[in-house]
Amino acid sequence: MTGQVRFIGVVESVGEPQRVRIHQEFCSGLKGVEGFSHLIILYWFHLRDNEEDRRVLRVVPRRRPHAPLVGVFASRSPSRPNPIGLCVVRLIRVEGCTLYVRGLDAFEGSPILDIKPYLPDSDAVPEAVVPAWVGRGRGEAR
């Protein structure tokens, strides 16, 4: 099975707010996003796109110093077979082909793979269960 990924934009600035520029050929795909308070942005961990990081299958999750060694798919590690990042951001405004957002954890220059609207009835799972080592916040134990 083969596939092709097209980068639709790039993180232009990681200042406040962050700036995501969508390439002109995909700009019309932004129509209607201004009605959403939050978006899901999928991006490429371009600084981890190398054979060594793509071979990582076990990690101690970052920001969780007491976490056990787990499989990469049980973590949010940027080192993974396909270096894809996902982040829920607050949409501040749209100007032409540029999104101004808050909460994006990508680096400047990160290619954008896709943008999806955040839908509270589909994307929030209040009864979701996580292992005890995850805690409720960064490095916080339950």
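We count residues from 1, following the sequence as given. Just the heavy atoms: all of them, side chains too, but no hydrogens, waters or symmetry mates, feed the values below.
- Of the inter-residue distances, the one linking Phe26 atom CZ with Asp114 atom CG reads 10.0 Å to the nearest 0.5 angstrom.
- Side-chain contact between Ile92 and Pro17 is present, with heavy atoms from C-beta onward closer than 4.5 Å.
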As a quick check of understanding, evaluate side-chain contact (heavy atoms from CB on, under 4.5 Å) for Val10 and Ile112, giving each step before the final call.
CA-CA 5 Å; Val10 65; Ile112 302 300; 5.5 Å; no
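- Rounded to the nearest 0.5 Å, atoms CD1 (Ile22) and OG (Ser28) are 11.5 Å apart.
- Here Phe107 pairs with nothing under the ring-ring contact (aromatic ring centres under 6.0 Å, His included) rule; sequence neighbours left out.
- Scanning both residues, Asp53 and Asn50, for their nearest heavy atoms gives N-OD1, 2.7 Å.
- At distances below 3.5 Å, at least one donor-acceptor pair connects side-chain atoms of Arg64 with backbone N or O atoms of Val134.
- By the 4.5 Å heavy-atom criterion applied to side chains, Tyr100 and Glu95 are counted as neighbours.
- Residues Val33 and Val94 have side chains in contact (heavy-atom distance under 4.5 Å, counting atoms from C-beta outward).
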Under the criterion side chain to side chain donor-acceptor pair (under 3.5 Å), I'd like the reasoning laid out for Thr98 against Arg21: C-alpha separation, chi angles, the key distance, then a yes or no.
CA-CA 4 Å; Thr98 301; Arg21 183 179 43 83; over 6 Å; no
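- Contact annotation: the side chain of Ile41 never approaches that of Leu113 to less than 4.5 Å [non-hydrogen atoms, C-beta and beyond].
- Taking OG of Ser77 as the reference point, atom CZ of Phe45 lies at 7.5 Å (rounded to 0.5 Å).
- For Arg6, the CZ atom sits in a loose shell: 12 or fewer heavy atoms of surrounding residues, nucleotides or ligands are nearer than 6.0 Å.
- The two residues Pro117 and Ile40 make their nearest non-hydrogen contact at O-CD1, 4.2 Å.
- Taking a 6.0 Å sphere around CZ of Arg48, one finds it holds more than 12 heavy atoms contributed by other residues, nucleotides or ligands.
- Linking ILVMFWY residues whenever their side-chain heavy atoms come closer than 4.5 Å, directly or via other members, places Leu39 and Leu30 in the same cluster.
- To the nearest 0.5 Å, atom NZ of residue Lys116 and atom OG of residue Ser122 are 12.0 Å apart.
- Considering every non-hydrogen atom in both Pro61 and Pro68, the closest pair reads CD-O, 3.5 Å.
- Val5 and Leu42 fall within the same hydrophobic cluster, where Ile, Leu, Val, Met, Phe, Trp and Tyr residues are linked whenever their side-chain heavy atoms come under 4.5 Å apart, directly or through other members.
- When all heavy atoms of Leu86 and Tyr43 are compared, the closest pair comes out as N-CE2, 3.9 Å.
- Across every non-hydrogen atom of Arg102 and Gln18, the tightest pair is CA-OE1, 3.2 Å.
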Residues Arg54, Glu52; criterion salt bridge (Lys or Arg N to Asp or Glu O under 4.0 Å); working and verdict:
CA-CA 5 Å; Arg54 282 174 168 251; Glu52 181 181 349; over 6 Å; no
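- For Cys27, the disulfide bond (SG atoms under 2.5 Å apart) partners are Cys97, not counting sequence neighbours.
- Side chains of Ser79 and Arg55 form no contact here, defined as non-hydrogen atoms less than 4.5 Å apart.
- Distance check, rounded to the nearest 0.5 Å: CG of Leu104 to CZ of Arg19 gives 12.5 Å.
- Contact annotation: the side chain of Arg90 approaches that of Ser37 to within less than 4.5 Å [non-hydrogen atoms, C-beta and beyond].
- Here the side chain of Asn82 pairs no donor or acceptor atom with the backbone of Ile84 at under 3.5 angstrom.
- Tracing side-chain contacts under 4.5 Å through hydrophobic residues (I, L, V, M, F, W, Y), one never reaches Val89 starting from Trp44; they form parts of separate clusters.
- Leu91 and Val14 fall within a single hydrophobic cluster, where Ile, Leu, Val, Met, Phe, Trp and Tyr side chains are chained together by heavy-atom contacts under 4.5 Å.
- A donor-acceptor distance shorter than 3.5 angstrom exists from the side chain of Asp123 to the backbone of Leu119, with no hydrogens or angles considered.
- If you chain together hydrophobic residues whose side chains sit under 4.5 Å apart, Val101 and Ile8 fall into the same group.
- Grouped with Phe73 in one hydrophobic cluster are Leu57, Val72, the linkage being side-chain heavy-atom contacts under 4.5 Å among Ile, Leu, Val, Met, Phe, Trp and Tyr residues.
- Between Phe36 and Tyr118, the shortest heavy-atom contact is CD2-O, 4.1 Å.
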